[in-house]
Asker: 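Handing you a structure now.
Computed from a predicted model, the values in this text were never measured in an experiment. Convention: sequence-line order gives letters A, B, ...; per-chain numbering from 1.
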Protein chains: 2
Amino acid sequence: MENQTYTIKEVAEKTNLTIPTIRYYETEGVLPPVERSESGNRVFTDSDIGWLDLICCLRGTGMPIKKIKQFVQWCLEGDDTIDDRIEMLIEHGKTVDEQLQVLTNYKAAIEWKINYHREMKMQIDARRNAVRLMEQQDLKS
Amino acid sequence: MENQTYTIKEVAEKTNLTIPTIRYYETEGVLPPVERSESGNRVFTDSDIGWLDLICCLRGTGMPIKKIKQFVQWCLEGDDTIDDRIEMLIEHGKTVDEQLQVLTNYKAAIEWKINYHREMKMQIDARRNAVRLMEQQDLKS
DNA sequence: TTATAACCTAAAGTGCACTTTATGTCAAGA
DNA sequence: TCTTGACATAAAGTGCACTTTAGGTTATAA
């Protein structure tokens, strides 16, 4: 299971990224340089997929590309950057907590709206039924 | 407490939106037309602030401007659109649930990363201490 | 051997949600 | 009266994260 390699297409499928996005990440330096075959094609390893998973996680929690790049660069620089890395992750974790809080509140507001609209609908239907009944009365008379 | 009015500046403070953003929302038709004073200045009511709160809620949960506009238009059109509105809200609520799920998973991944880095740091520190001790030994000898 | 599919690069383009700029009106206080 | 500050509009600009395009190389398979 080790030393397995993947084409860019396979990696795109595994990570749910598009092929251009993966290339873009590499040229931007967000994804560390990927090994190449003799003909110049990218040869991805499980390690590369690990980097992409990390990138997806950070992007998906709203971290801008530049900051992710910084983090990845620190990782590549080695031991001396360990404190910076930990600090960035902790700070980012806090923003994710805030996002969760905000999102939870918004979710509650939406649920409230749904219920409000449902009650509105019941009133509308009731009114329509009343009108229909009155029309039937008119027909009989 | 009723019939109170607000300037655009006051509304910006209340909603945490910028003044240009509020104007932008109105010109885009996301915010229904706001009353004007004789001189053409916008005169906001609590109802307008209510619309903006709704817009913030939907934007903050990732709904695109166009769709919010659609929803607001339906609200203005009245009773006949009640089913469409309820459906949109329910569908959107589902996407918010998904966002919460994804975000929660990412949060866990970040926590995992933090712990991983903390352990890495402990190893680095231990190694450095070992080196320091060895150097002290060298000095003594 | 030739065609087709998968890969490559560099550069330009896109979409979204604002933001900024330039210009102008109007009401109130010094 | 004049200037200052808050408001207005229309149009152009910005920032971000990709995506698309154009043009080219290489490996496999009919």
Asker: In degrees, rounded to 10°, what is the bend between the two ends of the helix from C/dT1-D/dA30 to C/dA30-D/dT1, using five pairs at each?
Answerer: 10°
Asker: Round to a whole Å and report the spacing from CD of B/E10 to C1' of D/dA6.
Answerer: 11 Å
Asker: For atom CD of B/E35, decide whether the heavy atoms of other residues, nucleotides or ligands shown that lie under 6.0 angstrom number more than 12.
Answerer: no
Asker: Got a sec, which residues hit ring pair (Phe, Tyr, Trp, His ring centres under 6.0 Å) with B/W112, two or more places apart in sequence or on another chain?
Answerer: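 Ring pair (Phe, Tyr, Trp, His ring centres under 6.0 Å) check on B/W112 returns B/Y116.
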Asker: Counting neighbours of CE on A/M120 that are heavy atoms of other residues, nucleotides or ligands and sit closer than 6.0 Å, is the number greater than 12?
Answerer: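 More than 12 heavy atoms, drawn from other residues, nucleotides or ligands, come within 6.0 Å of this atom.
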Asker: Report the distance from atom CD of A/E38 to atom C1' of C/dC8, rounded to the nearest whole Å.
Answerer: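 Checked: the CD to C1' distance equals 16 Å.
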Asker: If you compare all heavy atoms of A/V43 against all heavy atoms of A/D48, which two are closest, and at what distance to 0.1 Å?
Answerer: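 A/V43 and A/D48 have their closest heavy atoms at O-OD2, 4.0 Å.
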Asker: So that I can tick it off, tell me whether B/E26 and B/R36 are bridged by a salt bridge, with the cut-off set at under 4.0 angstrom between side-chain N and carboxylate O.
Answerer: yes
Asker: Is A/R118 atom CZ crowded by more than 12 heavy atoms from other residues, nucleotides or ligands, each under 6.0 Å away?
Answerer: no
Asker: For DNA chain C, determine which residues of residues 55-65 of chain B have any heavy atom closer than 4.0 angstrom to one of its atoms, and list them numerically.
Answerer: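 Hits under 4.0 Å, by residue number: B/R59, B/P64, B/I65.
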Asker: Distance check needed: C/dC8 C1' versus A/I8 CD1, whole Å only.
Answerer: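 It is 9 Å, rounded to the nearest whole Å.
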Asker: Check nucleotides 12-14 of chain D for protein N or O atoms closer than 3.5 Å to its own N or O atoms and list the pairs.
Answerer:
none

Asker: Should A/R42 be listed as having a side-chain N or O under 4.0 Å from OP1 or OP2 of C/dC8?
Answerer: yes
Asker: Going by heavy atoms closer than 4.0 Å, what residues in residues 17-29 of chain B are next to DNA chain C?
Answerer: B/T18, B/P20, B/T21, B/Y24, B/Y25
Asker: In whole Å, what is the span from the CD1 atom of A/I68 to the C1' atom of D/dC16?
Answerer: 12 Å
Asker: A side-chain contact here means heavy atoms from C-beta on lying under 4.5 Å apart; do A/Y25 and A/I55 qualify?
Answerer: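 Contact flag for A/Y25/A/I55 side chains = yes.
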Asker: Going by salt bridge (charged side-chain N to carboxylate O under 4.0 Å, His left out), name the pairs with one or both residues in residues 87-105 of chain A, residues two or more places apart or in two chains.
Answerer: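 Salt bridge (charged side-chain N to carboxylate O under 4.0 Å, His left out) check on residues 87-105 of chain A returns A/E91-A/K94, A/D97-B/K107.
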Asker: How many Å lie between CZ on B/R36 and C1' on C/dT25, as a whole number?
Answerer: 13 Å
Asker: Are the charged groups of A/R128 and B/D79 less than 4.0 angstrom apart, N to O?
Answerer: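 Not counted as a salt bridge, because no side-chain N and carboxylate O are separated by less than 4.0 Å.
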Asker: Between the side chain of A/T18 and the main-chain N/O of A/T21, is any donor-acceptor distance below 3.5 Å?
Answerer: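 The answer is yes, because a donor-acceptor pair under 3.5 Å joins these two groups.
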Asker: Would you say the side-chain atoms of A/E28 pair up with the backbone N or O of A/K69, donor to acceptor, closer than 3.5 Å?
Answerer: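 Not confirmed, A/E28 side chain does not pair with A/K69 backbone.
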Asker: Looking only at side-chain atoms of A/S39, point me to the closest of D/dT9, C/dC7, D/dA27.
Answerer: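 Nearest to the side chain of A/S39 among the choices is D/dA27.
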Asker: Between B/E10 and B/F44 (side chain of the first, backbone of the second, donor and acceptor by atom type, cut-off under 3.5 Å), is there such a pair?
Answerer: no
Asker: Below the 4.0 Å mark, does C/dC7 have OP1 or OP2 next to a side-chain nitrogen or oxygen of A/S37?
Answerer: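 Result: no.
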Asker: Between B/F71 and B/L89, is there a side-chain heavy-atom distance shorter than 4.5 Å?
Answerer: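 The answer is yes, as the side chains (C-beta and beyond) meet within the 4.5 Å cut-off.
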Asker: How many Å lie between CG on B/N41 and C1' on D/dC7, as a whole number?
Answerer: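 Distance, rounded to whole Å: 4 Å.
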Asker: Provide, to the nearest angstrom, the distance between the CG atom belonging to A/N16 and the P atom belonging to D/dA17.
Answerer: 19 Å
Asker: For a 4.5 angstrom cut-off between non-hydrogen side-chain atoms, does A/T95 reach A/T61?
Answerer: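 They are not in side-chain contact.
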